[in-house]
Number of protein chains: 2
Amino acid sequence: MRKKATHQHLAEHTKYRQYLLKKGLKLSRARETVFWEVMEAHGHFAAEELVKQCAIRNRGVSRATIYRSLKELFGAAVIRETAFGEKHHHFEHVYDEKLHHHARCIHCYKIIEVPCLQEYKKYLELLKKEHFQVLGHELHFYGTCQNCLEIK
Amino acid sequence: MRKKATHQHLAEHTKYRQYLLKKGLKLSRARETVFWEVMEAHGHFAAEELVKQCAIRNRGVSRATIYRSLKELFGAAVIRETAFGEKHHHFEHVYDEKLHHHARCIHCYKIIEVPCLQEYKKYLELLKKEHFQVLGHELHFYGTCQNCLEIK
DNA sequence: CTTTATGCAAAGTTTTTGCAGATCA
DNA sequence: TGATCTGCAAAAACTTTGCATAAAG
């Protein structure tokens, strides 16, 4: 049983369809399945987690297809990768308009989600309140470079 | 032949030594070797790159030890991990005071390094000049959480 | 009916681990 | 000397790929 699709989900679906169209790819049953499984995942998830979820739910999609679909969903900017210092990739939804950032403890790997504020100083204040000792930060933009814009 | 250690390198070395001391770990030949190889690496590097470099230079340190040392150097906050959407970890020096950020193209994986500015708007202006179309960003703090501060 | 997608299983990469012998404090 | 380290090789974890068959448009 699948949850009702939200407006956001449908918007993402359109984006994905247009991406596939532009690339001359087909909207197959497997792609649909993976898309909706991804939409139902919350927060960060790893490729293998999705594989397991699909297995448990008997979605009938193979590991290979899931990996292939994740790459596409990434290409279509439906999901993005996040950096958690583990050896496997982590993904999360791009659409999540309530963008959040991450503070990771280098000792225990715990992650604190931080809302999107406007000023750097405010982040530091917030993290200080959480008793998180900041050693540094990294800002990571994703998008399309000049070259790829032209190819498109 | 090894390059002359800079002031920064020595400061990092002290930090590492203190970390080892606190943890009851020994400053072994292998740890020294890996430390200095890491100091000589520039920009981002992957664990396997270091393995290859040590092999070429006949440093006599095994792959296992290199992986183990990288974890420690990470724990000691001598290096940090960066997120480049490839399947292996990337590291860079923490000490690099000329902190920079990254903009990655989701199509070709090209990375633009962006200097550390003060305001978000300035980043967008800069990237616009580079004809990089920003889809989103992620801010990633690293440090020590409350719990681990107490344990320490 | 042509093109693209899929599953499978095998291969490829990256990382971790157990253990016996070596090294450090 | 007693604790921690190391290399080795094997295993584990994650990801990709080739190919024959299936499905989509």
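Within every chain, numbering begins at 1; the chains are lettered A, B, ... in the order of the sequence lines, protein sequences first and strands thereafter. Computed from heavy atoms alone, side chains included, the values below leave out hydrogens, waters and symmetry copies.
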Q: Give the nucleotide from the list D:dC8, C:dT15, D:dT17 with an atom nearest to the side chain of A:Ala64.
A: D:dT17

Q: Between B:Arg63 (CZ) and C:dT17 (P), how many Å, whole number?
A: 16 Å

Q: Using five pairs at either end of the helix from C:dC1-D:dG25 to C:dA25-D:dT1, determine the angle between the two local helix axes and round it to 10 degrees.
A: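 Answer for the end axes of this duplex: 40°.
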
Q: Report the distance from atom CG of B:Leu20 to atom P of D:dC5, rounded to the nearest whole Å.
A: 8 Å

Q: Whether the side chain of A:Lys26 and the base of C:dT3 hold a donor-acceptor pair under 3.5 Å is what I'd like checked.
A: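 In this structure, the two groups form a donor-acceptor pair.
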
Q: According to salt bridge (charged side-chain N to carboxylate O under 4.0 Å, His left out), who are the partners of B:Glu48, at least two apart in sequence or on a separate chain?
A: B:Arg63

Q: How many Å lie between CD1 on B:Ile66 and P on D:dA9, as a whole number?
A: 16 Å

Q: When you measure from the side chain of A:Leu25, which nucleotide among D:dT15, D:dG25, C:dT4 comes out closest?
A: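 The closest nucleotide is C:dT4.
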
Q: Do the ring planes of A:Trp36 and A:His9 sit parallel (below 30°), tilted (30 to 60°) or perpendicular (above 60°)?
A: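 Rings of A:Trp36 and A:His9: perpendicular, as their planes differ by over 60°.
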
Q: A side-chain contact here means heavy atoms from C-beta on lying under 4.5 Å apart; do B:Gln53 and B:Phe45 qualify?
A: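 Heavy-atom side-chain distance check fails, nothing below 4.5 Å.
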
Q: Under 4.0 Å between a side-chain N/O of A:Tyr67 and OP1 or OP2 of D:dT15, yes or no?
A: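 Looking at the OP1 and OP2 atoms of D:dT15, one of them is under 4.0 Å from a side-chain N or O of A:Tyr67.
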
Q: Nearest-Å distance, CD (B:Glu32) to P (D:dT4)?
A: 20 Å

Q: Measure from CZ on A:Arg17 to P on D:dG25 and round the result to the nearest Å.
A: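 Rounded to the whole Å, the gap is 11 Å.
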
Q: In terms of side-chain heavy atoms of B:Val61, which of D:dG7, C:dT6, C:dA5 is nearest?
A: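 In terms of side-chain proximity for B:Val61, the closest of D:dG7, C:dT6, C:dA5 is D:dG7.
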
Q: One thing to verify: whether A:Lys15 and A:Glu12 come together as a salt bridge, which I'm taking to mean a side-chain N less than 4.0 angstrom from a carboxylate O.
A: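 A salt bridge is present here (some side-chain N lies under 4.0 Å from a carboxylate O).
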
Q: Looking at B:Arg57 and B:Glu37, is any side-chain nitrogen of the basic one under 4.0 Å from a carboxylate oxygen of the acidic one?
A: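 The answer is yes: the pair qualifies as a salt bridge.
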
Q: A:Lys52 NZ to D:dC14 P: how many Å, rounded?
A: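 That distance rounds to 7 Å.
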
Q: Report yes if a side-chain nitrogen or oxygen of B:Lys71 is closer than 4.0 Å to either non-bridging phosphate oxygen (OP1 or OP2) of C:dT16; otherwise report no.
A: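 Checking C:dT16 against B:Lys71, a side-chain N or O does come within under 4.0 Å of OP1 or OP2.
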
Q: Where the side chain of B:Ser28 is concerned, which of C:dC24, C:dT16, D:dT4 is the nearest nucleotide?
A: C:dC24

Q: What is the distance from CD of A:Glu49 to C1' of D:dA13, rounded to the nearest Å?
A: 13 Å

Q: On DNA chain C, check which nucleotide each of B:Arg29 and B:Glu48 is closest to and give me the residue with the more 5' one.
A: B:Glu48

Q: Quick check: do B:Arg31 and B:Arg68 have side-chain heavy atoms less than 4.5 Å from each other?
A: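 Result no, sub-4.5 Å side-chain heavy-atom pair not found.
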
Q: Looking at every strand, decide which applies to A:Arg31 at a 4.0 Å heavy-atom threshold: base, sugar-phosphate, or nothing.
A: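 Sugar-phosphate, no base atom in range.
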
Q: Are B:Val78 and B:Phe35 side-chain neighbours, meaning at least one heavy-atom pair lies under 4.5 Å?
A: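 They are in side-chain contact.
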
Q: What integer distance in Å separates A:Phe74:CZ from D:dT16:P?
A: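 From A:Phe74 CZ to D:dT16 P: 12 Å.
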
